[in-house]
Amino acid sequence: MNNGNIFLDLLVRFAPEGTPSWLLDLSAAGVGVGILVAMVSVIAMFCVWMERKVAGHIQCRYGPMYVGGWHGWAQSIADGVKLLLKEDMIPIGADRPLFVLAPALVLGSIFAALAALPLAPGVFFADIDLGLFFILAMSSMTTIGVVMAGWASASKWTVYGAMREAAQVVAYEIPLGISLMVPLIVAGTFNLNEASALQSGWYGMHWYIFQNPFVLPAFALFFISALAETKRAPFDLPEAESELVAGFMTEYSGIRWSFFFMEEYAAMFLMSVVAAVFFLGGFESPFTSLARDVFGEQHFLASLTAGLVLLVKAFGGIFLMMWLRWTLPRVRIDQVMTMGYKYLTPLALLCVLGASIFEALWLGVA
Amino acid sequence: MDFLQFNPETDYKLLLAVPLIPVLGYVLQIFFGKQLKRGDILLTAGMFTSMCIALLMFAKALNAAYAGEVFLHESVKEWGGWGWLYQSEPGVNLVAGIFYDPLGAAMLAVVTVVSFCVHLFSTGYMHGDCRYRIFFANISLFTFAMLGLVLSDNLLFLFIFWELMGLMSYLLIGHFSHDAKSGFRGWATWASQKAFMTTRVGDVCLLVGMLMFHQHFETFQFTELWSAAAETVAANGGQYPAWMTVAGLFVFGGTIGKSAQFPLHIWLPDAMAGPTPVSAMIHAATMVAAGVFLLGRTYPLMSPMALEVITVVGATTALFAATIGLTSWDLKAVLAYSTISQLGFMVTAVGLGSVTAGMFHMTTHAFFKACLFLSAGSVIHGCHHEQDMRLMGGLRKKMPITFICMFVCTLAIAGIPLFSGFYSKDKIIMAGFERVLDHDHFSGAALYGLVALAIAAALTAFYMFRLIFLTFFGEYRGDQQEHRYSGMLDEHGRGGHIVYHDHDDHDDHGGNAHVPHESPKNITIPLMVLAFLGVFGGHFWLASSDPLANHSKPWFATMVSESTLYGDEISGWLSPEPHGHEALEHLEHLEHTAHLSAVGTSLTVALLGVFGAWLLYYRRRDIPAKVVAAVGPLYPLVANKYYIDELVTRYVIRPTLALCRALKWVDEKVVDGVVLGVGRLNRTAATVHAWFDGMFVDGLVNGVGHLTQAFGSIVRLIQTGRIQQYLSFAVAGSILLAAWLILS
Amino acid sequence: MPLEAYVAVSAALFVIGIACMLSRRNVLYVLMGIEMILNAANINFVAFNRFSGDGLDGRMFAIFVIILAAAEAAVALAILLNVYHLFRSVKPSDADLLRE
Amino acid sequence: MEPASRVFYTLVTLASLLALGWGAFSAGAPGVSFALFAILTLGGGLMCIWERSVVRSAFSLMATFLGVAGLFLLLGADFLAMAQVLIYVGGILALILFGVMLSPPDLNERSLPRVLGGLAFAGGAAIWLGLRISASVTWATAEELPPMTSHAEEIGVGFLSPEQYVVPFELAAVLLTVALVAAVYIARRRSIDLFPEEDA
């Protein structure tokens, strides 16, 4: 399962003879997790800054401008330091073990999901055959963490938030998974690397949304479901601040609270990457194609270009989510349920049907 | 002109459209009428469309007739009919279809034209009526029924439309019975019921006759009936079988009822309880014409004996109704009796063997009688719903258009030469002379018919001009209040029903309410159209490129003859061509003589009648009173219409009611007694059965139940209702099973 | 690890599931116990499949068991809510109307 | 924490340590992995029985499910492992938590003798029977096993090929549909009430 892991390769190359293999595996995993944690932290901090700037500019103001000089770039670092230094409070009535466990579970599961993400062609933590499936499975665990947090806090607001989270995520996992089946039908693989590589035609523009007419509507459905899955506006009911104070994280503060925060941005990043890989070409773009032609297939700069392209696409998705958050009003819980069960799910099923028929009859597959 | 040629591909669709447009309009009016601002536009426009289509088809028919073509369109044969109750085996095979022959063409045109004029007239006349919309809907459906009847190609569908027409006449005559303000309310209710019940007698006769024919010929199709009749008669050695006479007379019974022949004529004078446009429809185009039309359709089925009966009945009706017309003071009643009289003419003509003459008279009569009725309506409208001629007079100056229209139509009905009525009446009388002068075909009935018709024709001229002189000449007597309400009550013989109303609830004409005035345009225009047709309807030569070439050939005679009506085969069978030079010469001579005699007779009687009327009601107004005094009890007899209504009441209605009461008694005492007795018997049996059931059957069932309960109470000891306990049992059981499997 | 280890874990989980179903007076525990039993069965399926060769049957069966468990959980929860609505209780021993 | 719980969790911890040691001793790294997942599975199950709060029981069930998923991974059934996490943790557990939160929190009694007695009896019987069955047939040993590969495509083909599992697959689809419709039907609020007098 961890064949092709570059960290393991490096370790194997530099390790002294006679080192037991399980130690190498463990070390590689540790290095990978370390890089992952760092990456998620950086992404989350950048996203926080970006969200503030985006919100500011959408509302005709600047957002943070002072900390760090240029456009307040160090604001998130300052916030992070403050959160780390804050007192870690646990309410008296809370269920302590669960209260402590919940943020860790949430963050841990999203880290696990992120482990399946490729950084560049050939650069990855774990090249899992069932990568997408793994991502979905792991990200579905965050629900349990959120419910756990809500219940452990022993507060009305948090329990309401947790209930909403459970209902909403269970509802939207269905259209999310089904709409992902449409590009899966086209790709024929769960593996993110392979799925990305399959879109390299047409000078890197042979994206899945261009390969089959039903992928584009499926992308719209996926995006909406992903918004709901990541609890982003207009589906941020579990933490609706005007109704539930802060929803399931009302009683959390300091570093534990920042875990939830990081989880949210990590989940956004995760969903955006999945969207980029399975709908919008993954690493592939005319630039990637050009870089490969100029530098050669395996060259370091070609891989870097590919990674940057994916990163740009991912942040495009994140930007779209932020844009929507500061533009759309929050919907009611019944509207959320109605939309998920009555509209998105049947539409996603229709897309699957259409895509299958298209693949089978038009392209003559199967 | 191609469009005046028959086109079998599309003609049947056009013909179907003619009746369907009014019925569609009816449906729209009934269901969506409230959405329309005005209740009349839709149906009047629909009727106009229908009329245009019918006239186009009529023009085609006329064109074909002048070109010498014989046409007879049967949808069943040409276009495929609508299978209805169709069976593959012989039996009741009913196929509805369209039958378009010259007679149908003429009738279709007449009916649509008259109906359209009536629609148009009604927009003015019925203005302000509280059931204005319903009125239009009903009158459209009435028209639909007549059109369907005309186009039906079989007796059954003719009967269906016939009955529909009966229903519509009931609704329309009773139109005012829903109008609380109307003075006609009680009378309208009564009259509509009377019309319905009276015609029902005839309808039952028609049904019986129809079924008799179907029993023997196994078909309702007209053409098949005709040829079947010809075959039957030929097989019978040229003699009509007796049952055909009976069945023919039963069918004629339908005509008696519908066309108001003696003695079932009593409903028609009362039908004027309805609005005047309805009267016009009934008297001219639809109701009464249907009976005569039926005779035209079934003429080949009539045996000579039946035809003699028809002649006698028709002639009697003609004469008898004409005498009543002499004494009536009510404007519409005079016209009603004249209709009965003219219907008698038509029926007599058929009886005398001249279907053409009868149908011709029906056509011309439709125009001038519609015009007369509508004119009368105009007069009544102008005089604020006054109907008594004694309260009119001098209206010639005040209502010039109405006067002219009514006058020319009176000339037509009186049989003055150059007016349409003359031609048709002349043809009837000529038919009579042909029968009387021809020794081979002479019969007493024919002689009686001829004499009666001649007298009736004179009387027609007399009473019609009496009407004209009373209404339009002399001084206006409408303000002579002492005449009001006097003499009116005995006029109809049941004064209790008549409440002459003095309401001017829609008097929007302004000015003095009691001064007669000309009617508005939408009333006078239909009058003028119908008057034009009434004058020239007898000798149209249109549809011919050269009018002068055909001026001596009236369109009707060109178009409708026995050979064009029934086909050469049937008509040849009906009146075999004479053989031999002598016979032919004799026939020509006979025709010539009959023609001269007929012209002479009809001229004489018409002028005699006109002169009499002029003398009595214009020149010497004192004479009528002296005449009344001189004839003694005869006058009240006639004025009371020979007491027929009273006779019917005494000898028909009362015995019927007595019979009904007797039957009711039988039903209550005998039938109910039997039924109740059976019921009691059943109850007694049921009591015994219940005892048995309770003792033995229930005992068995309960015993089983008790047994089950006993077992159940044992089993329930382990049925605790605790799921987890069951689960423990299940687990223990499965472990034991697994242990046994492994260890054994 | 040898097959016996997996079978032992499966058996232990099965027993725990049975005990979970039997020892608590709440319908939810019955539900959870059932899930544990199904999981125990799945471990057995997969383990025997792995150790018996390269067939698919065991894993397929496990997939169908998971599908079944999903359907069962949905229906069971619906029933649970209804039972609570009707009896104001989630004790399985309270829902004993049929006993009468 | 009450004394009984202390004893219980101490025993569980000791047993876990024993298992870890045994795994590491007998099979090295794979043994450690197996022991970890087995401890997760059984520990979650035991905690589920032991805990008084139904919510904690439900959460502890997550450990069981994850442990079973891990065992699946060790057995080379990666697709199954992920399906286990997705369906059991993301779906069924969420549903159970839903049920927990919708039902009253007043049932905290637990019968210690029944738990322990049931565990002792059933555990003894089941483990004995399981070992007996596995010993009755000759199975491949861990060392002889073929290398583990991903079977997702194989499973997909198996689902759709008429010779293999297409009929059960379609039946399962029908079953799921029926179950969902039935669940919606059952759960919808209706007007009947068995104890109307208690409503007041």
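Naming convention: chains lettered A, B, ... in sequence-line order (proteins, then strands); numbering from 1 in each chain.
- Looking at C:Ile67, both its backbone and its side chain come within 4.5 Å of chain D, counting heavy atoms on both sides.
- The contact between C:Leu77 and chain D is made entirely by side chain atoms (from C-beta outward), counting heavy-atom distances below 4.5 Å.
- Between chain C and the residues D:Ala182, D:Ala38, D:Ala173, D:Ser57, the most heavy-atom pairs under 4.5 angstrom are made by D:Ser57.
- Only the side chain of D:Leu61 comes within contact range of chain C, with heavy atoms under 4.5 Å apart.
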Step by step, work out the side chain to side chain contact (heavy atoms under 4.5 Å, CB included) result for C:Ile66 and D:Leu80. CA-CA 9 Å; C:Ile66 290 178; D:Leu80 209 53; 4.1 Å; yes
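- The aromatic ring centres of D:Phe34 and C:Tyr6 sit less than 6.0 Å apart.
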Criterion side chain to side chain contact (heavy atoms under 4.5 Å, CB included) on C:Ile43 and D:Phe72, from CA distance to verdict: CA-CA 7 Å; C:Ile43 293 174; D:Phe72 287 167; 4.3 Å; yes
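- Both the backbone and the side chain of D:Ala58 come within contact range of chain C, with heavy atoms under 4.5 Å apart.
- More than 12 heavy atoms of other residues, nucleotides or ligands sit less than 6.0 Å from atom CZ of D:Phe37.
- Residue D:Thr64 touches chain C through its side chain alone, counting heavy-atom pairs closer than 4.5 Å.
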Contacts under 3.5 angstrom, residues 81-100 of chain D side chains, donor-acceptor by atom type, not counting sequence neighbours:
unit_1: D:Gln84; atom_1: NE2; unit_2: C:Asn39; atom_2: OD1; d: 2.8
unit_1: D:Gln84; atom_1: NE2; unit_2: D:Phe65; atom_2: O; d: 3.4

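- For a residue to count as touching a neighbouring chain, one of its non-hydrogen atoms must lie under 4.5 Å from one of that chain's; by this rule C:Met32 touches chain D with backbone and side chain alike.
- Contact annotation for C:Asn42: both backbone and side-chain heavy atoms come within less than 4.5 Å of a heavy atom of chain D.
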Would you check, one step at a time, whether the test side chain to side chain contact (heavy atoms under 4.5 Å, CB included) holds for C:Tyr29 with D:Ile49? CA-CA 8 Å; C:Tyr29 280 96; D:Ile49 304 181; over 6 Å; no
